[in-house]
2 protein chains.
Amino acid sequence: MKKVTMADVAKKAGVSKSTVSQFLNKRFEYMSVETREKIAKAIEQLGYKPNYLARSLKQKRTSMIGIIVANIVHHFSTEVSRAIEDFFIEHDIHAILCNADNDPKKERRYIEMLQAKQVDGLIIFPTEQNLDLYKNLVESGYPVVFMDRKVDDVNIPSVKVNNSEATEAIIQHFIEYGHERISIVTQPLTISTRIERVNGYRKAIKENEMELNEDFIIRAETKDINSQLKLLFAKKNPPTALIAGNDLVFLEILEFAKENGLKIGIDFSLAVFDNIPFAHLVTPAVTTIAQPSYEMGEKAAQMLLSLIEKENSELQDVVYNCQLLIRDSSRIVRTK
Amino acid sequence: MKKVTMADVAKKAGVSKSTVSQFLNKRFEYMSVETREKIAKAIEQLGYKPNYLARSLKQKRTSMIGIIVANIVHHFSTEVSRAIEDFFIEHDIHAILCNADNDPKKERRYIEMLQAKQVDGLIIFPTEQNLDLYKNLVESGYPVVFMDRKVDDVNIPSVKVNNSEATEAIIQHFIEYGHERISIVTQPLTISTRIERVNGYRKAIKENEMELNEDFIIRAETKDINSQLKLLFAKKNPPTALIAGNDLVFLEILEFAKENGLKIGIDFSLAVFDNIPFAHLVTPAVTTIAQPSYEMGEKAAQMLLSLIEKENSELQDVVYNCQLLIRDSSRIVRTK
DNA sequence: TTGTACGCGTTATCAA
DNA sequence: TTGATAACGCGTACAA
């Protein structure tokens, strides 16, 4: 794999390296047409491709950014990442996607690796467990934007949704349809997003003067959700409506229902956080609390770019509203 | 964002750059314990992080590979990419994921971009439309592996499944359940995968001495599939069984069925290529022709790594078998 | 309009 | 056991 360098092109064209460099950077103003053509021909013949690596080293800019998602299996992460990648490709910036797998150690490793690779900036779905590291990033002035989650006491701008309000809204919806026992099912409360949702849950229950039953708040790893649901539904007064924290939880609920012969929309109502691509196609169609993932990704990308280009060093958090998409799975009216 | 370099560490520790480099590369054999400690302390205090970029320039190896998928929305691509990334991360190699979006121009652009970035190798879901480019890659000795598709006349090893045989198997299954009019629905026949499946379809129909109806072979862009299905089902003798070419086609079929009040498993039977994550959870559960996507990704990654490390320059194509997962959507017995 | 020379942060070679 | 020096491939003053 013989590499052809600028020097080779220069020799072939009978000019100096700098002239070739000029050519590549399209500074034709002071270049004779002949030289220009000679160089073009030489490049063509040799099949020369500039080495971005060397250029990056010199320019101290790699035109690469890193995305660290908490859990790549989560559909929301995928959508957001896609948006970020799309945005940056328009600016000739490549994204490297890393999956921290909800593991703070992996997150740390990736952050350090990406910095070593000199990426120009980072968009992180933080595990929220590496405070010192986040603070280091801020101090060293590294361009970073947080996604989906917020970390207190760290001055990094974040893009997220109004989790609390969205949860209140879906509960309001359930109440209007006559539900009196509503349960929320989520993964462990290690991150702000889930905490906010449970806070919204508590608030809504309280404000509606309903009984707050702690057993109705399931916070468990996905692998344990099925058994927890079994316990919940074995109670004398099981819930009549469930709120699923994300698409992964939703699949667990589906599995639970299937195994236990419960029909969604009949035996219990259901609403799910996240965009489920097939939500409107299954029977019954599933009510979702959709996050504007594409806009969120785009926004974060914009913010990061402005940080990279130093246009703006003091960015505000951005909070999006969720959209409640009512479908059949939550439309049953409960008459006690 | 002041960058601290090896020179800074060297100065602080009172040694030369070369010694620091030795230290970083763990060549401690001929190094006094004191120097070692001095350097370690200096690195610690300055918060020094080696610059991989400079290292890569020198070593002519970036520890990055590129993945170019044809269509990132396709679930199969995601699974394969995940497997590739997982494999390479174990070897401290980062993957850059690019979405060619089924566009040969984009594919070309990405290949060139990734080469300019000096990635160590490429795994490509080829559009099959850039023959000259593929040939160039081979000639320049660039490590490349094709995924999912095969390109004739180009000496690049590929990892794929036995599309033709898998299609024959599903048709055999349908026939056993009494179907006499089976249709295959796929995207346009621009790539080997789809061509092989349609070939398998033709072969199976012929061998079973059934009537080969060209109208029963739908090859259309996803956006046109719905209307094509409408035409198909408006015929006097519509098919009683459908084979969907992938998950995107499947969603179109779901949509079509919903809009026209047709019930899957009742009004027609269905089998789908690809792993649909929720296939067993919906009603009726969907019969799938699963590709071993994770193994395929892993295999391709292994092959690429061996090419990169020059262990092996003549690799064979690898063909995996699909697994037929019979579920309710195809279990109805047709009695004419 | 073009060429020379140096710097970017490493690593490799070879002396010391 | 350590250090000086030359690469790696490109960009850019500054000189010519």
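This structure is a prediction, so every number in the text was calculated from the model and none was measured.
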Q. Which is the 5'-most and which the 3'-most nucleotide of DNA chain C that has an atom under 4.0 Å from a heavy atom of chain A?
A.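 The protein-touched segment is C:dT1 to C:dG9.
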Q. What distance separates B:Thr190 OG1 from B:Arg149 CZ, expressed to the nearest 0.5 Å?
A.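 Answer for the OG1-CZ pair, B:Thr190 versus B:Arg149, is 7.0 Å.
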Is it true that [X] and [Y] make a salt bridge, defined as a side-chain N closer than 4.0 Å to a carboxylate O?
| X | Y | value |
| --- | --- | --- |
| B:Asp148 | B:Lys160 | no |
| A:Arg108 | A:Asp132 | yes |
| A:Glu309 | A:Arg61 | yes |
| B:Asp92 | A:Arg109 | yes |

So, for [X] and [Y], which heavy atoms are closest and what is the spacing to 0.1 Å?
| X | Y | result |
| --- | --- | --- |
| A:Ala83 | A:Glu298 | CB-N, 3.9 Å |
| B:Val151 | B:Pro126 | CG2-CG, 4.0 Å |
| B:Glu85 | B:Ala95 | CG-CB, 3.7 Å |
| A:Met6 | A:Tyr48 | N-CE1, 3.5 Å |

Q | Whether over 12 other heavy atoms sit under 6.0 Å from B:Lys11 NZ | A |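 Incorrect, the count does not exceed 12.
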Which part of the nucleic acid, if any, lies within reach of [X] when heavy atoms closer than 4.0 Å are counted: base, sugar-phosphate only, or nothing?
| X | result |
| --- | --- |
| B:Ser32 | sugar-phosphate |
| A:Ser18 | base |
| B:Met6 | base |

Q: Give me the first and last nucleotide of DNA chain D, going 5' to 3', that has any atom under 4.0 Å from a heavy atom of chain B.
A: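 It runs D:dT1 to D:dG9.
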Q) Hey, which of these two, B:Lys60 or B:Thr35, hits DNA chain D nearer its 5' end, going by closest nucleotide? A)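 Closer to the 5' end of DNA chain D: B:Thr35.
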Q) Does anything in residues 43-54 of chain A reach DNA chain D, meaning a heavy atom under 4.0 Å, and if so which residues? A)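 Within this stretch, A:Tyr48, A:Pro50, A:Asn51, A:Ala54 sit under 4.0 Å of the strand.
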(Q) Between A:Val15 and B:Lys58, which residue's closest nucleotide on DNA chain C lies nearer the 5′ terminus? (A)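 Counting from the 5' end, the first nearest nucleotide belongs to A:Val15.
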Q) Any chance the rings of A:Phe146 and A:Phe125 have centres within less than 6.0 Å? A)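 No; A:Phe125 has its ring centre 6.0 Å or more from that of A:Phe146.
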